Amino acid sequence: MKAQKHIMTMLVDNEPGVVSRVAGLFSGKGFNIESICGSPTHNPEVSRITIVTRADAPVIEQIEKQLRKLINVLKLRSLNGPHCVRRELALVCIPVKPEQRPEVLRIVDLVGGRVADAGLNHLIVEVSGEQEEIETAIRLLEPYGIKKLARTGPIGLIREPK
Amino acid sequence: MTGAQILLRMLAEESVDTLFGYPGGAVIDIYDELARSEIRHVLVRHEQAAVHAADGYARARGTVGVCLVTSGPGATNSVTGIASAYADSIPLVVLTGQVPTHLIGNDAFQEVDIVGITRPCTKHNYLVPSVDQLAPILKEAFHLARSGRPGPVLVDIPKNVQSARTLFRPPAPLRARPYAAVSEPHAGQLRTAARLIQTARRPLIFAGGGVIRAGAAPELTRLARRFRIPVTCSLMGLGAFPGDDPLFLGMLGMHGTYAANLSTGACDLLLGVGVRFDDRVTGKTDAFAPQATIVHIDIDPTSIRKNVPVRVPLVGDCRVSLERLNDLLDDPPGDALEEARREWLARIEEWKTCRPLCYRTDGTIKPQQVVETLYELTRGEAIITTEVGQNQMWAAQYYRVRHPGHFITSGGLGTMGFGLPAAIGAQIACPEKTVVDIAGDGSIQMNIQELATAVQYRLPVKVVILNNGCLGMVRQWQELFYGGRYSATCNNAQPDFVKLAEAYGAFGLRAERPEEVLPVLERGLSLPGPAILDFRVTPEECVYPMVPAGAPITEMLLV
């Protein structure tokens, strides 16, 4: 069976140690985490954790069942497919000499990015979108030499009925 | 009320009458209250034993076991006990003391992050942040321990929370938890399962510890007897079906019986109830039950399809599920099937008679003989606890347990040193019962100090040591698979167990020849207090049948 990328999001109790329970489940059972993103929600008692994993279908089934067993996991949904909105944010710091600036800015424009910080010899570019879009942006910026890179990992929501 | 008073009040509300524990600086406030309480405190001699004793108590009585230990080393000593209970799904509430909240994180004296340490081996755990949270947390802890798939829950209580005062309010009803086990299985799947049972030509029931935890043994027995379906059990399932019933095949797996292992290989329907198809049962999973459609009943959805492919999953309480199946199934199978079923039972009977459990006698005491004699003398009615290793396997094979909760063993984690403290807990739970720990000379030394507990509380537990003078199960693997290189398993110095028993104030008896087995057991069982019965058995005796690790279970080494 082939390993596939799988995104899942869960609402959890906003209590100390909950992220470690979730992350500990993955490490203890030998599951893989590609990215994990946790943050508060509009409800102060509830947080949201979004995880990307890579595994074959039976393992993904096990991961989801195991997560649902955690007492602090209130709700778990997978975020794959067109019925979901997914976004990731990346900050890419590249060394840019003044003469390179116009072409880099064209690329930033092309990938729908924004300049978050600029200096004489560098730019920090902000890109958001689906993971594939981020990866395209990084690929296009790579020839200039990436100095630093920070990615949030994807978050997402299931679309509401139209 | 103080936190300590609230704790005892909540224990009383949960009908806790016995607490196994060991005092220390971080629980001294609780002990101060305990002295004035009606709750019986049993002082063990090591915190690991407190947890095993609570575990034995919980299994023998079918309730939640409770233990109390101090912070730091008290808490870390309890971890093996907690992990054992977790592996066997035993409902426990483990109360640990913690340093005062303002010192947490300061590397204070006797501070450890026990909530962090036990996260992967508890069903859930709590650090009580304030005295107002204590009652609601305890209420939830007991609920979680006993509901769904049971398990240990740890509550870590800082010292200042124990002494802080607050107005006690009975906790509000529990908030609905998303993880609430489903007790009622899916109706459609039930009908499919019933049809499969109805039409199977070679059905087999495989029962595990979940049957015992759910109180489903009577329903299981009813189903098996009504439709004459043979039954095999996992180690944890022993007692779920009467061991002396003709439909019983004995244990399945690595040291399972010839009949049980071959039946699993040949059955066309395998009804797994309260089992998790652990590697000691399945052997090579690709070759496990190759002809069978598997129907799997379990309260825990993660157990299903974890190790073997399951055709019909029934997520639900074992007792409820079996009740529903019993209701759905009313017709006896048709004539054509009747014939197939008769042939199936005849085939199994042949396997049973051609290769029964057996051993060769040679003028030395055989460990199997000791267990067999014990079985006959107690008419299968004793509560048996075991240590881990060969003693455990011989106990499982030759003591044909007849009732649920009468075979108490560390099945999942395989914890040496489990048997004696578990026997203490079981004896306290069932004072009128004969309780026997079947032990090895290695395992017994891992918690031998609990003899003092048995003596102090006048608990007449009997420790039957199958003394082969070596660490037998590892020695057996070394003999069979490691070219006879007995690294660290043989020729170890050993105490005189009879003198040791006497030093603790218990009785000690010894048997060195086969003809002494019966009189020593008779005499030992009649003694009014705790006793060690030291049986000097053949050192090289191996447990058979044996399936080498990773082989199909139908390929056994036999005597």
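Computed from a prediction, not measured in an experiment: that's the story for all the values here.
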Proximal component of B:Ile304, with respect to chain A [non-hydrogen, under 4.5 Å]: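 B:Ile304 touches chain A through backbone and side-chain heavy atoms alike.
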Side chain / backbone / both / neither for B:Asn125 at chain A, heavy atoms under 4.5 Å: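 Contact with chain A involves both backbone and side-chain atoms of B:Asn125.
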Side chain, backbone, both or neither of A:Glu61 within contact of chain B (heavy atoms, under 4.5 Å):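 For A:Glu61, side-chain heavy atoms alone lie under 4.5 Å from chain B.
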Has [X] got more than 12 heavy atoms of other residues, nucleotides or ligands less than 6.0 Å from its [atom1]?
X        : atom1 : result
B:Arg311 : CZ    : no
B:Asp107 : CG    : no
A:Glu103 : CD    : yes
B:Ile294 : CD1   : yes
B:Arg169 : CZ    : no
A:Lys29  : NZ    : no

B:Thr302 and A:Arg68, any side-chain heavy atoms less than 4.5 Å apart: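 Result no, sub-4.5 Å side-chain heavy-atom pair not found.
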Close side-chain approach of A:Lys65 and B:Lys306, heavy atoms under 4.5 Å: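 A:Lys65 vs B:Lys306: side chains apart.
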Inter-residue atom distance A:Leu25.CG - B:Arg119.CZ, 0.5 Å rounding: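 Rounded to the nearest 0.5 Å, the CG-CZ separation comes to 12.0 Å.
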CD1-NZ distance between A:Ile71 and B:Lys123, expressed to the nearest 0.5 angstrom: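 These two atoms lie 6.0 Å from each other.
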